[in-house]
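Heads up, the thing below is written out as structure tokens.
Heavy atoms only: backbone and side chains are in, while hydrogens, waters and symmetry mates are out. Given the structure is predicted, the values throughout are model-derived calculations rather than measurements.
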There are 2 protein chains.
Amino acid sequence: MPAQTSHNPPPVTPDPGPDALRADARENRERILRAAREAYALHGIDVPISAIARRAGVGVATLYRRFPTRTSLITEAFTEQLAECAGALDEALEDPDPWRGFCTVLRKVCAMQAADRGFTHAFLARFPGDTAYAGERDRAEEGLALLVRRAKEAGALRPDFDVSDVVLTLLANNGVANGAGPEAAAASRRLVGYLLESFRAGPATGPLPPPAGLELDRLGGTG
Amino acid sequence: MPAQTSHNPPPVTPDPGPDALRADARENRERILRAAREAYALHGIDVPISAIARRAGVGVATLYRRFPTRTSLITEAFTEQLAECAGALDEALEDPDPWRGFCTVLRKVCAMQAADRGFTHAFLARFPGDTAYAGERDRAEEGLALLVRRAKEAGALRPDFDVSDVVLTLLANNGVANGAGPEAAAASRRLVGYLLESFRAGPATGPLPPPAGLELDRLGGTG
DNA sequence: CGGTAAACGGACGACCCCCTCCATTTAGCC
DNA sequence: GGCTAAATGGAGGGGGTCGTCCGTTTACCG
């Protein structure tokens, strides 16, 4: 990334923003996002750009002008769902029972993963140089850490649980979501059921293999 | 597949078999398989055929003549590892402690998954029309079912464990193996640690979401 | 040593996806 | 209604993989 010339008050939005667009352009922008969400949910994040354009009823050029990079499209397409995740975390933090909050947020995010094949990738993908998610993600990590600490202090979450185990859960769930086909939802629920039982503090168990130190921003679809 | 003309004593081996080959051809065949295993382990199952050929030091045509379909190459390349899995299961069945056997086989297979990016795909991929694995797989399913039953009867495995939960475990582990990059091995160990704790029979826990009824032959890399 | 069939490998056409360019259409304003 | 800049869409060059064809090389046998 070339250095910027010292000053630029609005951080040079690569996306002009939906508001500054002409009416027909804004309409098309929405159609593209809708089509992208549908396509991603159905076929995963690898659908050709041209397929999304076709589904949206626009030309490829239109799509490319609005979303110059694949990442920018994905970012926009999943903003809503990511906000939903953030909301779930906020709710969990407000729950007087941190363990219940912990369970709820994990169940919810995993269910979303299982329902939408593209969501996982959007969720786990790192967006190099893209600051749109960075703040959101940092906030999520903080909130998660807080929730985990509280749940431990309440004696409900096992003490050797590591925050990175949340990522572990998401990755595992991703594997199930991608591999289990039509049974993905049921399989995901069952996996999360097993894991939550294991995460719950209980009578002393043997030592666990050490945490893998996974971080949200070090992960990608295929490593 | 066109109907066959009623009789063909040797079931028309698409692979002439390593033995009937000329010396140089057999040599090349081995080189191809070695290269395929390396490439799959490093880059997953999607490496271009040409890359494997190059790595093996042969032309594409040679590879294609020996292994007409991608599947046939994968099948051959992972035969050894699959045999190792089968061996692990056999050992587990011989273990006087079925729970220990169960843990060992799950740990071993998951470790293999984590170590070799291609192995999972080979392991889970369905091979339509390919009978090479069918017998092996049926035997594995039987053995697994037996192991699970014994472990339950020994009171070590929770009664509501379902055989399909083994597949669930493999899918989850696959997600971790594919997504955790360099930490895949550690992350996989930790996941399996959590799951095995959960699988272990213990003080009554709440009801689990129902099993997803996953079967080995209904799974594929991306469903 | 010589002949033959097996084996080889590179080149090639078909296909798909990415992304840009440009001639044409259209919305919004006077 | 007419003008202008924004917006559009499809064609096309570039890159990559697949799988086959065919002229050349090589192992094996007599």
Item to complete: Could you run through nucleotides 25-30 of chain D and give me one letter per nucleotide, 5' to 3': B if any protein heavy atom sits under 4.0 Å from the base, S if only the sugar-phosphate is that close, - if neither?
Response: -BBS--
Worksheet, complete the sentence: Scoring nucleotides 10-21 of chain C by protein non-hydrogen atoms under 4.0 Å (B base, S sugar-phosphate only, - none) yields BB-----SSBBB
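Between B/N28 and C/dA7 there is no side-chain N or O to OP1 or OP2 distance below 4.0 Å. Side-chain N/O atoms of A/R29 include none lying less than 4.0 angstrom from OP1 or OP2 on D/dA7.
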Fill in: B/F199/B/L106 under side-chain contact (heavy atoms from CB on, under 4.5 Å): CA gap, chis, key distance, verdict
CA-CA 11 Å; B/F199 293 160; B/L106 228 51; 4.1 Å; yes
Practice prompt. Take A/Q113 and A/N174 through the test side chain to side chain donor-acceptor pair (under 3.5 Å) and record every step on the way to the result.
Written response: CA-CA 7 Å; A/Q113 268 193 316; A/N174 181 29; 4.8 Å; no
Sequence neighbours excluded and cut-off under 3.5 Å, please list the side-chain donor-acceptor pairs for residues 30-38 of chain B, or say none.
{"from": "B/R31", "atom 1": "NE", "to": "B/A56", "atom 2": "O", "distance (Å)": "3.1"}
{"from": "B/R37", "atom 1": "NH1", "to": "B/A77", "atom 2": "O", "distance (Å)": "3.1"}
{"from": "B/E38", "atom 1": "OE1", "to": "B/R55", "atom 2": "NH1", "distance (Å)": "2.9"}

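Proximity of a side-chain donor or acceptor of B/N173 to a complementary backbone N or O of B/C110 within less than 3.5 Å is detected. The main-chain N or O of B/Y194 is never found under 3.5 Å from a side-chain atom of B/S198 such that the two would form a donor-acceptor pair.
With salt bridges taken as basic N to acidic carboxylate O contacts below 4.0 Å, one links A/E84 and A/K108. Between B/R66 and B/E76, none of the side-chain N atoms (NZ, or NE/NH1/NH2) sits under 4.0 Å from a carboxylate O, so this pair counts as no salt bridge.
Under the rule for a salt bridge (Lys or Arg N to Asp or Glu O under 4.0 Å), B/D46 has no partner lying at least two apart in sequence or in another chain. Every residue meeting the ring-ring contact (aromatic ring centres under 6.0 Å, His included) condition with A/Y40, not counting sequence neighbours, appears here in chain and number order: A/F78.
For the helix from C/dC1-D/dG30 to C/dC30-D/dG1, the angle separating the two terminal helix axes comes to 10°, with each axis derived from five pairs and the value rounded to 10°.
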